[in-house]
Amino acid sequence: MAVEVFMPKAGMDMQEGTIIQWLKNVGENVEEGEGLLEIETDKVTMEVEAPATGVLLCRYFEDGAVVPVVTTIGYVGEPGEAVPDKPQLAGIVAKTAPSEMVETVEKQKPVLADETNGVKATPYAKKMAVANAIDLNEVPPTGPAGEIKGRDVEREIAKSPLARRIAEDKGIDLSAVTGSGHQNKVMKSDVLAKIAEQETPGVTAVVLNTTPLSGMQKVVGERMVKAHTEIPCVTQNTKVDMTKLLAFRKQINENRENKLTINDFIVKAVAKVLLHDKKVLVSLGDKEIIHHQDVNIGIAVALEEGLIVPVVKNADKKSLEEISETVKSLSAKAKSGGLMVDDYQGSTISISNLGMFGVHSFTPIVNQPNAVIIGICAIEEELALVDNQVENRKKMMISLTYDHRLVNGDVAAKFSLKVRDLLENPMEILL
C-alpha cells in the first residue's frame with residue numbers, strides 16, 4: 001500500500017516549509033529512512049526521510065515550492081500503485097481535528113536504530129556507511145535519541161547534493177572547487193563561480209551575492225524588528241575582572257583533552273545565580289507575568305543562514321563539565337544542520353557572546369519571550385591599582401539587556417553583580 005510523504009510540522013510555530021530540493025526522482029528506488037528531500041523551515045534546514053521502502057511514486061510539488069505543514073507532497077510504494085491525482089490541500093488539513101492531525105503525522109514514524117560496536121545508527125545509515133567506507137564513529141548523530149540517521153552519513157558523503165548535481169551536469173570536478181561553506185563545504189555558489197571562470201578563460205569571474213532571503217533569515221529579521229519595536233529595552237554594562245578566572249581556567253585545562261572555554265564558565269555562573277534568584281526568569285503573558293522555574297539558557301549561534309539559539313536545558317542542575325559538553329554538542333549540531341525542534345525551544349534566558357570579535361560592549365536584542373539577554377564582550381588588558389600597586393588586569397564587559405516592563409533596573413543590576421562576583425571568584429562557581 002502506498003505511503004504518504006508529508007511536509008512535516010517541525011514545531012508548534014511552523015506553518016509552512018520550503019522544498020529546497022528532492023533527492024529522488026519519480027520512479028527511483030528508496031529505502032525506509034533514506035533522505036528523500038531537503039526542506040527549509042523558519043529555523044533550520046532538514047531532510048525528510050522516506051517513510052517506507054519502495055519507489056517514489058509521485059511528487060506533487062517541485063523544488064522551491066512553499067507548502068503548508070501536514071500537506072501530502074508525494075507517495076512511496078510499490079511500482080505501478082495508484083495514487084491520487086492531487087495532494088491533500090492545506091484547506092482540508094486545516095479543517096481536520098487536532099487529534100486526527102497528530103495521528104496522520106505519526107504515520108511517518110522514525111526508523112528504529114540498533115547499536116553495533118557502541119554506535120547507534122539506523123539500518124540505512126549503516127548500509128550507506130559500509131557502501132561508502134564511512135566510519136560511523138566520525139559521523140555526528142542528529143537523531144532524537146542520539147542515533148546516526150541516514151542523512152548524517154549522506155552529509156558526510158556529499159556536503160551539498162545540489163552543488164554536486166550542478167557539477168555533474170556541467171562536467172565540473174568538485175575536488176578542484178574551493179568550498180566557502182562551513183568546514184569547507186562546497187556550495188552552489190562555489191560551483192557557479194567555477195563554471196563562470198571556465199567559460200571566460202583568463203578572466204576572474206565576479207559572482208554577485210544576490211540571493212533571496214532564506215526562510216530562517218526572514219523569520220529572524222521579523223522577530224528582531226518585533227522585539228526591538230515592542231520591548232522597552234534597557235542595556236546595563238557591568239565591568240568584570242577576569243584575571244583570576246583566566247588563571248584558574250588555564251590551570252584546570254592543563255591536563256584536559258576537552259578544554260573548558262570562558263563561555264562554559266559564564267554559562268555555569270549564570271546558572272548558579274539563577275538557582276537561587278529567578279526574578280529575571282519571566283515572560284509576558286496576555287494579561288499576566290509568567291514566572292519560570294526552569295533554568296533553560298539559550299546560547300546564540302551564528303550560521304550562514306542566520307541566527308539560531310539552541311538551549312541548554314536545566315543548566316542549574318548540570319556540572320561545569322556537563323554544560324561544556326552540552327554547549328559543544330548543540331553548537332556542532334547547529335552548524336551541521338542537525339538541530340531537532342526540542343534543541344532550540346524553551347529558553348528562559350539567553351546569552352550572546354561577541355567577545356571573540358573584540359567587541360568592547362554592545363546592545364543585544366532580547367530573545368522573546370525571554371525578558372533578559374546577556375551580552376558577553378571582549379577581555380581587554382587594563383591597568384588597575386591593587387593594594388597600592390599598579391597591576392595589569394584582564395577586564396571584560398557584561399552587556400545585559402532587559403525588558404523594562406518585566407524587570408526593574410535594580411533587579412537587573414543586582415543580577416549582573418551576582419554574576420560578576422562569581423566570575424571574579426571562580427572557585428565559587430564550582431562549590
Side-chain angles (χ1 to χ4, degrees), residues 236-281 292-301 309-331 347-356 359 361 364 370 372-382 384 386 391-402 407 411-431:
Q236 295 177 177
N237 295 306
T238 303
K239 188 175 287 188
V240 181
D241 191 332
M242 299 290 285
T243 309
K244 289 183 180 179
L245 178 55
L246 289 172
F248 184 62
R249 170 179 170 266
K250 181 179 180 181
Q251 182 179 359
I252 289 179
N253 279 339
E254 279 184 358
N255 299 314
R256 288 178 56 88
E257 181 178 351
N258 297 318
K259 307 296 185 183
L260 298 172
T261 68
I262 293 298
N263 205 55
D264 296 334
F265 281 94
I266 292 171
V267 174
K268 177 61 179 175
V270 170
K272 186 165 186 178
V273 172
L274 292 172
L275 177 63
H276 304 290
D277 183 2
K278 294 183 169 62
K279 293 179 182 177
V280 298
L281 295 186
H292 300 281
Q293 295 303 310
D294 293 333
V295 179
N296 298 335
I297 302 178
I299 309 295
V301 177
V309 187
V311 182
V312 179
K313 302 288 179 66
N314 300 310
D316 56 326
K317 300 175 183 177
K318 287 181 168 62
S319 66
L320 178 61
E321 180 94 14
E322 290 171 330
I323 286 175
S324 179
E325 291 176 355
T326 302
V327 171
K328 286 183 175 66
S329 174
L330 288 172
S331 180
S347 68
T348 50
I349 191 170
S350 300
I351 293 177
S352 178
N353 192 337
L354 292 180
M356 69 287 292
V359 174
S361 66
N370 300 170
V372 169
I373 184 169
I374 304 165
I376 306 302
C377 305
I379 297 175
E380 303 172 324
E381 294 187 354
E382 184 176 304
V386 180
E391 294 186 5
N392 185 23
R393 309 295 289 183
K394 308 290 186 180
K395 301 290 185 77
M396 180 188 78
M397 204 76 77
I398 292 178
S399 299
L400 186 143
T401 299
Y402 57 93
V407 178
V411 172
K414 290 175 182 177
F415 173 75
S416 294
L417 292 177
K418 289 178 181 178
V419 174
R420 181 201 66 183
D421 291 344
L422 278 181
L423 295 176
E424 292 186 347
N425 298 278
M427 187 64 72
E428 295 294 326
I429 297 175
L430 305 181
L431 297 179

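Basis for what follows: all heavy atoms, side chains included, without hydrogens, waters or symmetry-related copies.
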> About how many Å separate OG1 of Thr243 and CG of Leu423, when rounded to the nearest 0.5 Å?
Replying inline: 12.0 Å
> Any donor and acceptor pair, going by atom type alone, linking the side chain of Thr348 with main-chain N or O of Asn296 inside 3.5 Å?
Replying inline: yes
>> Rounded to the nearest 0.5 Å, what separates atom CG in Leu245 from atom CD1 in Ile262?
In response: 4.5 Å
> Closest approach of Ile373 and Ser352, non-hydrogen atoms and distance?
Replying inline: CD1-CB, 4.2 Å
> Of all residues at least two apart in sequence or in a different chain, which pass the side chain to side chain donor-acceptor pair (under 3.5 Å) check with Lys317?
Replying inline: none
> Under the salt bridge (Lys or Arg N to Asp or Glu O under 4.0 Å) rule, what pairs show up with a residue in residues 372-382, not counting sequence neighbours?
Replying inline: Lys239-Glu382, Glu381-Lys394, Glu382-Lys395
> Distance-only, no hydrogens or angles: does the Lys272 side chain make a donor-acceptor pair with backbone N or O of Glu428 under 3.5 Å?
Replying inline: yes
> At their closest point, which heavy atom of Ala315 faces which heavy atom of Ile323, and how far apart are they?
Replying inline: O-CD1, 3.8 Å
N/O donor-acceptor pairs under 3.5 Å from side chains in residues 263-271, not counting sequence neighbours:
{"unit_1": "Asn263", "atom_1": "OD1", "unit_2": "Asn353", "atom_2": "ND2", "d": "2.9"}
{"unit_1": "Asp264", "atom_1": "OD1", "unit_2": "Thr261", "atom_2": "OG1", "d": "3.2"}
{"unit_1": "Asp264", "atom_1": "OD2", "unit_2": "Thr261", "atom_2": "N", "d": "2.9"}
{"unit_1": "Asp264", "atom_1": "OD2", "unit_2": "Thr261", "atom_2": "OG1", "d": "3.1"}
{"unit_1": "Asp264", "atom_1": "OD2", "unit_2": "Ser324", "atom_2": "OG", "d": "2.8"}
{"unit_1": "Lys268", "atom_1": "NZ", "unit_2": "Lys318", "atom_2": "O", "d": "2.8"}

> What are the two closest heavy atoms between Leu330 and Pro310, and how far apart are they?
Replying inline: CB-CB, 3.9 Å
> Any salt bridge (Lys or Arg N to Asp or Glu O under 4.0 Å) pairs touching residues 247-261, not counting sequence neighbours?
Replying inline: Arg256-Glu321
> Residues two or more places apart in sequence or in another chain: which of them pass side chain to side chain contact (heavy atoms under 4.5 Å, CB included) with Asp277?
Replying inline: Lys279, Lys418
> Just by modelled atom types, is the Val295 backbone N or O under 3.5 Å from a matching donor or acceptor in the Lys278 side chain?
Replying inline: no
> What do the steps show when you test Ser350 against Asn370 for side-chain hydrogen bond (donor to acceptor under 3.5 Å, both in side chains), and what is the final call?
Replying inline: CA-CA 7 Å; Ser350 300; Asn370 300 170; 2.8 Å; yes
> Would you say the side-chain atoms of Glu424 pair up with the backbone N or O of Asp241, donor to acceptor, closer than 3.5 Å?
Replying inline: yes
>> Once rounded to the nearest 0.5 Å, what's the spacing between atom CD1 of Ile376 and atom CG of Leu400?
In response: 9.0 Å
> Of all heavy-atom pairs between Cys377 and Ser361, which one has the smallest distance, and what is that distance?
Replying inline: SG-CA, 3.5 Å
> Listed by chain and number, what are the salt bridge (charged side-chain N to carboxylate O under 4.0 Å, His left out) partners of Lys313, not counting sequence neighbours?
Replying inline: Asp342
>> Show the nearest heavy-atom pair for residues Ser399 and Asn237, with the distance to one decimal.
In response: OG-OD1, 2.6 Å
> Rounded to the nearest 0.5 Å, how far does CG of Leu275 lie from CG of Asn314?
Replying inline: 11.5 Å
> Only one of Ile374, Val273, Ile349 clears side-chain contact (heavy atoms from CB on, under 4.5 Å) with Val280; which?
Replying inline: Ile349
>> Please report the interatomic distance CD(Glu325) to CG(Leu260), rounded to the nearest 0.5 Å.
In response: 9.5 Å
